[in-house]
Amino acid sequence: MTILETRLRLRRDSGRKLLMPYLTGGVTPDWTDHLRALADAGADAIEVGIPFSDPTLDGVTIQEASDVALARGATTAGILADLSRSRIEVPVVVSTYANLALRGGADRFCRALAEAGVRGLIVPDLPLEEAGSTGAAARAANVDLALLASPATPPRRLREIAERSRGFVYAVSLMGITGEREHLATSAAGLARRLRGVTDRPVFLGFGISTPAQAAAAARDADGVIVGAALMRRLLDGADPAATAGFVRSLRAALDGVPAAAPADAGG
Amino acid sequence: MEALALRAPTAAPVAGRFGRHGGRYVPEPLIPACAEVEAAFTEAWADPGFRGELARLLSRYAGRPTPLTSASRLSAELGVTVLLKREDLAHTGSHKINNVLGQALLARRMGKRRLIAETGAGMHGVATATAGALLGLPVTVFMGERDVERQAHNVFRMRLLGAQVVPVRSGSRTLKDATSEAMRHWVGVTEDAYYCVGSVIGPHPYPWMVRELQAVIGQEARHQCAEQLSTGTPDQVVACVGGGSNAAGTFAGFVDTPARLVGVEAAGGASAARGEVGVLHGFQSLFLQDEQGQIREAHSVAAGLDYPGVGPEHAHLRDLGRAEYVTASDEEALAAAVRLARAEGIVPAIESAHALAWVVRAAGTAELPTGGSVLVTLSGRGDKDIPTLMTYLNDEETR
Ligand SMILES: Cc1ncc(COP(=O)(O)O)c(C=O)c1O
């Protein structure tokens, strides 16, 4: 098992609820200070987005963060160089769109991730059918390609996604795009439970999880949560690293108040 | 010509692949929706009932077959026989209606309760609004803010037809961003809404399905050429290429003939001619992009050609060398539109004028030798472009 998955499992199995904040790479000149602050504030992994010109699964906040980062001249190579230099101890999972991952070939991309110390990869527009060669490239580079599951995914496909996903499974909590929501989607709990019924891999719920209370509610059924837009909105509004860390600490505290869930029903 | 029975279905490409292009690069939440459309269209397209209903609508509602017009004065001027496939005379004023009637019937068959669409020039939006009105399905159209401004005529037509037009303010505020926004919206409404894609782009099955629905252009034109040309088939078949649907539909009728196939892109949106392999909007194909993989903005006076990618089948036809892709500039297209108006009494859409512009430039050269014959698909009429043409003519006359 890879370093990322081993680490996430160990933490989960110790009764901890996992937290993966999302940060757009290159969004501010001091973005790696935010990265370190998130690590110190209790993140179990950090998702770093490499911004794409046309993020079709992202709502206005991450669209804006991507535009800001690109306008600042963010590139794959630049973000990876920043990551290499930052040397944070918390594992980094890169997320980006297929065009950036495939541009110079998936092999080269995954090797570059590994050389920068990145442990995992999320490419939302590479579903099961299209993920084969990138999955192989990631495996060869010791990078975990985590796949997405959604509330609309039928049972057999869900099982296959869970089997072929590496590191963790990204459970998309709702039928929609990224962005803050008033309430945790009603579809979240069911999807997390279905996934935990078919896999022992850590299951993270993401999309729309915006507040400590929502994070805690999501973590009742999932192993962890991913929080993106809520954090990026604060950052775009001018939050400094201490402030983003404060928000992540509030998420951490809410998650730590969650009692460890009973194991999912066997055979589910 | 009598209305033709629709040509026999062509099987779906395996895994939606045209050679190395195509595929289904959509996020997991959209996979079941794409699979549902694929299953429904595969079944409907083999069902004589569905095909019959579509054929009836195409002839009695949309006015098919459209004529093939011999452009005699232009032919004499250029020294080549120019035949025009008159999609400008189809209901709503462009070829987009062929595709939309098929997809709207499919949406109804699938039990969907509303239609969503992206649009550039507004012709696909107008066609979708029309089909929605015809079938009683509410329509929401996403349109880049820049296109809302420059195609105001079509924005009003959509409103008149009862559709809701949503201006898109992100990115280049044109077709690329309208398509992104339509996909973002679709993720949240897949249960209820049918996404009516306007060209041979998007995830499988759209590039195949839209080509199948547009193949009626090429099928009719082939029969009409056989009737009207002493040589039976034209030497060359030319169509403008935005996403590539009017070209794909035209080429479908001639791909197994010796005719040379030429797609004409806007010089500022030349993805088939100058793009590189990439993935956007659910498919792999050729895209304008920088060395990093960031998509470049296209720039064209023709909003319908202002797209940085091209349908996967065109990328494949280019790989095979079966079709060639060339470009025409804004200036050449505008001049060709005026020339056709004055030589033949036909005002083409500026998109369609790109195909003509290349014919004008190539006629009498090795590209299109004197004495040869060329079929040009006139994908739409120019009413929507009157303000642009007015500015152009006024500038010309004061120059
Ligand atoms: C009249 C006309 N022709 C051509 C196009 C380009 O689309 P396609 O390449 O799919 O035919 C458009 C698109 O808006 C159009 O309105």
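By convention in this document, chain letters (A, B, ...) are assigned in the order of the sequence lines, proteins followed by strands, and residues within each chain are numbered from 1. Heavy atoms only: backbone and side chains are in, while hydrogens, waters and symmetry mates are out.
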Heavy-atom pairs under 4.5 Å with chain A are the metric here; pick the option from Glu181(B), Glu191(B), Arg296(B), Glu276(B) that has the most.
-> Glu276(B)

Rounded to the nearest 0.5 Å, how far apart are CG of Asp54(A) and OG1 of Thr179(B)?
-> 9.5 Å

Could you look at Arg169(B) and say if it's the side chain, the backbone, both or neither that has a heavy atom under 4.5 Å from chain A?
-> neither

Which atom names give the shortest non-hydrogen contact between Pro127(A) and Arg24(B), and what distance separates them?
-> CG-O, 3.3 Å

Chain A contact via Thr190(B) - which portion, at a heavy-atom distance below 4.5 Å | side chain

In terms of heavy-atom pairs under 4.5 Å with chain A, which of Met183(B), Gln289(B), Gln284(B) leads?
-> Gln289(B)

Which region of Ile295(B), side chain (C-beta onward) or backbone (N, CA, C, O), has a non-hydrogen atom less than 4.5 Å from a non-hydrogen atom of chain A, or is it both or neither?
-> both

Under 4.5 Å from any heavy atom of chain A - which part of Val277(B) | backbone

Specify which of Ala152(A), Ala101(A), Ser150(A), Ala131(A) makes the most heavy-atom pairs with chain B at under 4.5 Å.
-> Ser150(A)

What's the spacing between His185(B) NE2 and Ile177(A) CD1 if we round to 0.5 Å?
-> 10.5 Å

Which region of Pro29(B), side chain (C-beta onward) or backbone (N, CA, C, O), has a non-hydrogen atom less than 4.5 Å from a non-hydrogen atom of chain A, or is it both or neither?
-> both

Which of the residues Leu126(A), Leu70(A), Leu102(A), Val172(A) is involved in the greatest number of heavy-atom pairs with chain B at under 4.5 angstrom?
-> Leu70(A)

What are the two closest non-hydrogen atoms of Arg103(A) and Gln292(B), and how far apart are they?
-> CG-O, 3.7 Å

Applying a strict 4.5 Å limit to non-hydrogen atoms, the region of Ile161(A) in contact with chain B is side chain

